[in-house]
Amino acid sequence: MKDEIGKAVELLSSADRVIAFVGAGMSQESGIPTFRGEDGMLNDESIQHRFYRKTYKKDPKGTLEFFKGFMEQMDVDPNPGHYALADLSQMNEFVAVTQNIDGLLEQAVAERGYDPIPVCHIHGTFSRVRCDFCFRMGSDEEEMGADCTRCEGLMRPDVVLYGEPLDDEVYEAAEVSAENADVCLLLGTSGMVYPAADIPWVAARNGATLIEVNPAETELSKLCKVKIRGKTGEVLTQLVEKLS
Ligand code: NAD
């Protein structure tokens with residue numbers, strides 16, 4: 001692992017543009033379970049089906065109740081990995097492309113006192129609500145589960161459920177960043193959820209060097225020049241120490 005960290009430090013210190021492709025593993029050390037793996041939410045069918053559009057269509061109110069509980073569970077703090085990534089974001093031209101809906105990276109950036117950084121939320125975020133029917137974004141005061149003031153549709157979290165399309169604009173912005181990156185960090189993602197997982201492939205096809213930080217081998221490992229087998233909280237902290 002030591003040598004791999006050395007290689008990552010070298011690559012990051014000579015890069016102009018860096019993107020971080022972030023997955024659920026990044027927030028595991030904050031206490032939010034991942035989808036796959038031993039503690040994965042997808043091992044529990046009663047939870048798994050709640051992330052599907054078809055369940056939401058059948059039982060919208062029940063799904064929103066589930067999400068309310070889920071959001072309370074997400075009321076946790078950033079972990080050392082989020083703070084280290086916030087520090088890394090200040091060292092190069094930097095874009096985060098995140099599959100996470102928890103907002104913990106932005107919280108870490110704000111707590112460090114940095115200006116907001118560009119973050120592409122390809123699966124949306126729990127910190128916003130929108131109308132399920134007309135897509136109107138809710139104001140801060142509007143609550144999940146209320147009727148939309150424009151069309152009376154149901155206000156729901158602005159996240160992408162399985163069976164729902166991604167936001168084209170957000171996805172295209174992520175693709176452009178991947179095309180232009182020198183280095184792409186893969187942080188705590190299994191790389192199994194498409195089309196999100198196409199982003200590292202776009203980076204690789206356009207000449208970026210990929211660095212993976214994950215305790216386990218993944219579908220994307222074969223694309224990576226550097227593979228650091230460890231937790232993002234520990235590894236990113238070491239990287240920042242060496243780069244500072
Ligand atoms: P995933 O659950 O498929 O895979 C998690 C990956 O993280 C695994 O490869 C695992 O080895 C790795 N991992 C576990 N602990 C880690 C740690 N401490 N440090 C580094 N890596 C660690 O996650 P995914 O690839 O992001 O895809 C699942 C989907 O789940 C995403 O679309 C995302 O929207 C959603 N999701 C989000 C959250 C969140 O917002 N925190 C939580 C669960 C699921």
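Atoms within each ligand, like the ligands themselves, are counted from 1 in listed order.
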*Asks:* C224 pairs by side chain to side chain contact (heavy atoms under 4.5 Å, CB included) with which of T218, L210, L185?
*Replies:*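 The single option meeting the side chain to side chain contact (heavy atoms under 4.5 Å, CB included) with C224 is L210.
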*Asks:* Is there a heavy atom in P215 that sits closer than 4.0 Å to ligand 1?
*Replies:*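 Per 4.0 Å heavy-atom rule, P215 contacts ligand 1.
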*Asks:* Would D132 and R156 pass as an ion pair if we require N to O under 4.0 Å?
*Replies:* yes
*Asks:* Counting non-hydrogen protein atoms only, what is the nearest one to atom 18 (N) of ligand 1? Give residue, atom name and distance.
*Replies:*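 Closest protein heavy atom to atom 18 (N) of ligand 1: Q28 OE1, 2.8 Å.
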*Asks:* Consider every N or O of T189 and every N or O of ligand 1, then say whether any pair is closer than 3.5 Å.
*Replies:*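 Min N/O separation from ligand 1 is below 3.5 Å for T189.
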*Asks:* Is the closest side-chain heavy-atom distance between I117 and Q90 below 4.5 Å?
*Replies:* yes
*Asks:* Could you name the option among L186, T34, N214 that has the heavy atom nearest to atom 8 (C) of ligand 1?
*Replies:*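 Among L186, T34, N214, the closest heavy atom to atom 8 (C) of ligand 1 comes from N214.
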*Asks:* Could you list which atoms of ligand 1 come closer than 4.0 Å to a heavy atom of S27?
*Replies:*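 Close to S27: 41 (N).
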*Asks:* Side-chain donor-acceptor pair under 3.5 Å between H121 and E106, yes or no?
*Replies:*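 Yes, because at least one side-chain N or O of H121 sits under 3.5 Å from a partner of the opposite role on E106.
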*Asks:* Are M192 and ligand 1 in contact, using a heavy-atom cut-off of under 4.0 Å?
*Replies:*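 It does not; every heavy atom stays at 4.0 Å or beyond.
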*Asks:* If we only count N/O pairs under 3.5 Å, is T218 in contact with ligand 1?
*Replies:*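 No, T218 has no N/O under 3.5 Å of an N/O on ligand 1.
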*Asks:* For ligand 1, does T232 get within less than 4.0 Å through its side chain, its backbone, both, or neither, judged by non-hydrogen atoms?
*Replies:* both
*Asks:* Answer side chain, backbone, both or neither: which part of P33 comes under 4.0 Å from ligand 1, heavy atoms only.
*Replies:*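 Looking at P33 and ligand 1, just backbone atoms fall under 4.0 Å.
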*Asks:* Could you tell me whether Q107 atom CD has more than 12 heavy atoms of other residues or ligands within 6.0 Å of it?
*Replies:* yes
*Asks:* Give the contacting part of Q99 toward ligand 1: side chain, backbone, both or neither, where contact means a heavy-atom distance below 4.0 Å.
*Replies:*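 Both backbone and side chain.
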*Asks:* Name the option, out of G191, S190, A216, that contains the heavy atom nearest to atom 4 (O) of ligand 1.
*Replies:* S190
*Asks:* Are K7 and E4 ion-paired here, with the side-chain N under 4.0 Å from a carboxylate O?
*Replies:* yes
*Asks:* Run the salt-bridge test on R130 and D167 with the 4.0 Å N-O cut-off and return the result as yes or no.
*Replies:* no
*Asks:* Does ligand 1 come near enough to H123 that some N or O of the ligand is less than 3.5 Å from an N or O of the residue?
*Replies:* yes
*Asks:* Should one rank F21, F126, F35 by closest heavy-atom distance to atom 30 (O) of ligand 1, which comes out on top?
*Replies:* F35
*Asks:* Could you tell me whether A24 and ligand 1 have an N or O pair separated by under 3.5 Å?
*Replies:* yes
*Asks:* Heavy atom of S30 under 4.0 Å from ligand 1?
*Replies:*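 The answer is no, since S30 has no heavy atom less than 4.0 Å from ligand 1.
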*Asks:* Are R50 and D59 close enough for a salt bridge, meaning some N to O gap below 4.0 Å?
*Replies:*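 So R50 pairs with D59 through a salt bridge.
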*Asks:* Identify whether NZ of Lys or CZ of Arg in R53 sits under 6.0 Å from the centre of the six-membered ring of Y162 and within 45° of that ring's axis.
*Replies:*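 So R53 doesn't make the cation-pi contact.
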*Asks:* Between G188, G31, G23, flag the one that comes closest to atom 5 (C) of ligand 1 by a heavy atom.
*Replies:*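 It is G188 whose heavy atom sits nearest to atom 5 (C) of ligand 1.
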*Asks:* Do I101 and ligand 1 have an N or O pair less than 3.5 Å apart?
*Replies:* yes
*Asks:* List ligand 1 atoms under 4.0 Å from V193, heavy atoms only on the residue side.
*Replies:*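 Those of ligand 1 that fall under 4.0 Å from V193 are 27 (O), 28 (C).
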